[in-house]
Protein chains: 2
Amino acid sequence: MTTVLIVDDQPLQRFGFRMLLESQDDMTVVGEAGSGTEAVRLTDRLRPDVVLMDIRMPDMDGIEATRRIVASGSPSRVLILTTFDLDEYAYAGLRAGASGFLIKDALPEELLSGIRAVASGDAVVAPRLTRRLLEAFADHLPAGEYGDAPGDPAAHPRLSSLTERERQILTVIGQGWTNSEIAARLHLAESTVKTHVGRILAKTGARDRVQAVILAYDTKLVRPA
Amino acid sequence: MTTVLIVDDQPLQRFGFRMLLESQDDMTVVGEAGSGTEAVRLTDRLRPDVVLMDIRMPDMDGIEATRRIVASGSPSRVLILTTFDLDEYAYAGLRAGASGFLIKDALPEELLSGIRAVASGDAVVAPRLTRRLLEAFADHLPAGEYGDAPGDPAAHPRLSSLTERERQILTVIGQGWTNSEIAARLHLAESTVKTHVGRILAKTGARDRVQAVILAYDTKLVRPA
DNA sequence: CCGGGCGTAGTACCGAGGTACGACGGCGAC
DNA sequence: GTCGCCGTCGTACCTCGGTACTACGCCCGG
């Protein structure tokens, strides 16, 4: 039986979670907390398998509460659950030692399987966040036996307004391709490529493709050979 | 409709995946590949939304194939799927630019939802791996600045034939300056700058200043901001 | 002294790159 | 439905970059 502590400042929200969890015969809600300080205190006392932690709370937010719970050496694992998919939250939450990070728009089944995964010692991150986390932390991944890789786009402020397609075009610009080469290899008209390039320059503030290349390197969109 | 390319050296395995995917009315298998080289070729030709990539294959493994697909600027996203949950594989695969990494013991539903997540631009990692990845993140987050070895750019073979002046010009090219800017700031005529640039391109084999910029970064003549 | 590398400078030419439009189909949000 | 974003394609125009070739003064080494 997986024991869960629900932490959220909204009673209605807690109620919904409780109903969902109690409907599962392998889970039980052992307590509820409405603030960070209460969460820390109850976790220490109840020692639940999983703490379902909201972020935005009065008194002490979920990140800080997570940090204290983890730092206390508690065996309880923290699964952060929030309305917001802001990167900083995920970043901070995981740094604080959370075992997972899900967004509240997740399907009920996803939440349940997430809780089970966390309870069994695994970890989960909402797919929407996983992508950005990987991008942000690809640099810091330990090198495997396969050596260096060309890495992947980084979520960088100057690139944030680019569409997926534009980021892709910028990548190949960074690899030194001419417009006509880009057109040929991506099966596009050169005029289309020019349109994309123009928009990339406008959005990033780069003056020409040379500065776009520099930007691509600086943001680690492309990497030195 | 999500288009998928199945890459696995075992025909029986491919058959199983095909059956599973084709049973979904929002997915279609557009091709199969039995090796890494074939995977790269077919991805370029078929441009599937998702490439379901096995790791252990003859000829070229899935990691290298992933690296090439991503480096080519392809819009296709790679979801690595393997029997082994070895960390190095996950690290290498994600560093290679994969959008996801699942283990073959996953439930069919998990595979399907993973494919959908990846197709929609998100990313997924098997929970069993997620935990260790997060630990790796945590370890490497505070680290940050571990600089590269000094390395004298001048020693690089492609730069060795450049004169001091040419290396200087190449450096400022690498900083994004136009010919006229270089002329103004170095108190030269633009024609002189053009002469230098032309010689630099000839000596280094770079086709244009864009490739010269890339060369400057690759040889560490200039470094990311 | 003279050859040769180097840095400087010029002219002429042309193609690639970038700008400024306009246009259209698809698709998701409202 | 309708609006707006995205990706696509087109035309026209002009600038910048790169090539080709020539030329001159400097300094060093033979």
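All heavy atoms count here, side chains included; hydrogens, waters and symmetry mates do not. Order of the sequence lines sets the chain letters (A, B, ...), proteins ahead of strands, with each chain counted from 1.
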Q: Can you check the A:Leu201 CG to D:dT15 C1' distance for me, whole Å?
A: 14 Å

Q: C:dG18 P sits how many Å from A:Ile200 CD1, rounded?
A: 10 Å

Q: Any side-chain to backbone donor/acceptor pair from A:Arg77 onto A:Gly100? Under 3.5 Å, distance only.
A: no

Q: Quickly work out the A:Ile182 CD1 to D:dT8 C1' distance and round it to whole Å.
A: 15 Å

Q: Do you know which two heavy atoms are closest between B:Ile173 and A:Val210, and how far apart they sit?
A: O-CG1, 4.0 Å

Q: Could you pull out all donor-acceptor pairs under 3.5 Å where a side-chain atom in residues 192-199 of chain B meets a protein atom, sequence neighbours excluded?
A:
{"unit_1": "B:Thr195", "atom_1": "OG1", "unit_2": "B:Ser191", "atom_2": "O", "d": "3.0"}

Q: Using a strict 4.0 Å threshold on nitrogen-to-oxygen distance, state whether B:Arg116 and B:Asp26 make a salt bridge.
A: yes

Q: In Å and rounded to the nearest 0.5 Å, what is the CG to CD1 distance from A:Leu79 to A:Ile115?
A: 6.0 Å

Q: Using a 4.0 Å heavy-atom cut-off to protein, can you give one letter per nucleotide of nucleotides 5-16 of chain C, 5' to 3': B if the base is in contact, S if only the sugar-phosphate is, - if neither?
A: -SBBBBB-----

